[in-house]
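Index from 1, following the sequence.
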Amino acid sequence: MLTLEDCIALSELNEDEIAAISEHEHVPEIVAAEYGNYLLHQPNGVPALKRIILEDIADAEQRNDLKHALHLRLVLRHFVRNHSDLQSTGM
């Protein structure tokens with residue numbers, strides 16, 4: 001049986017990126033890991049994942065949760081740095 005940690009490791013995303021997907025989609029982290037990995041391998045997946053994190057940032061700012069918004073900005077920065085190669089190849 002796979003654990004959540006196994007699924008995160010297989011997802012090609014980190015825990016914070018998966019947590020952002022989970023927050024946005026209102027699903028458990030294990031589902032978010034699978035969904036995130038699926039999106040990473042779709043032609044418009046990287047922009048879709050960036051949009052998810054950006055929407056989470058906007059929601060946090062709207063709630064005036066600036067600490068969480070800052071954390072999500074760092075998550076976005078990490079995501080862009082680590083997955084921009086997939087965006088340019090169309091994966």
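- A donor-acceptor pair is defined here as one N or O able to donate and one able to accept, closer than 3.5 Å; such a pair exists between the side chain of His41 and the backbone of Asn37.
- Here the CG atom belonging to Leu54 is positioned 9.5 Å from the CG atom belonging to Leu72, to the nearest 0.5 angstrom.
- Hydrophobic clustering of Ile, Leu, Val, Met, Phe, Trp and Tyr side chains at less than 4.5 Å, counting indirect connections, unites Tyr35 with Val27.
- Annotation: side chain to side chain donor-acceptor pair (under 3.5 Å) contacts involving residues 17-34, sequence neighbours excluded, comprise Glu17-His78, Glu23-His68, His24-Glu55.
- Looking only at distances, a side-chain donor or acceptor of Asp6 sits under 3.5 Å from a matching main-chain atom of Thr3.
- In this structure, Ile57 CD1 and Leu66 CG are separated by 12.0 Å, a value rounded to the nearest 0.5 Å.
- Atoms CD1 and CD1, from Ile53 and Ile21 in turn, are 7.0 Å apart once rounded to the nearest 0.5 Å.
- The shortest distance between side-chain heavy atoms of Ile52 and Leu39 falls below 4.5 Å.
- In terms of heavy-atom proximity, Ser11 sits nearest to Ala33 at CB-O, 3.6 Å.
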* What's the verdict on side-chain contact (heavy atoms from CB on, under 4.5 Å) for Lys67 and Asp65, showing C-alpha distance, side-chain angles and the deciding distance? -> CA-CA 6 Å; Lys67 183 177 178 181; Asp65 188 351; 4.2 Å; yes

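- Hydrophobic clustering, defined by side-chain heavy atoms of Ile, Leu, Val, Met, Phe, Trp and Tyr closer than 4.5 Å, groups Leu10 together with Leu2.
- Using a 4.5 Å heavy-atom cutoff, the side chains of Ile8 and Leu13 are not in contact.
- Rounded to the nearest 0.5 Å, atoms CZ (Arg73) and CG (Leu70) are 8.0 Å apart.
- When all heavy atoms of His83 and Val46 are compared, the pair lying nearest together is O-CG2, 3.8 Å.
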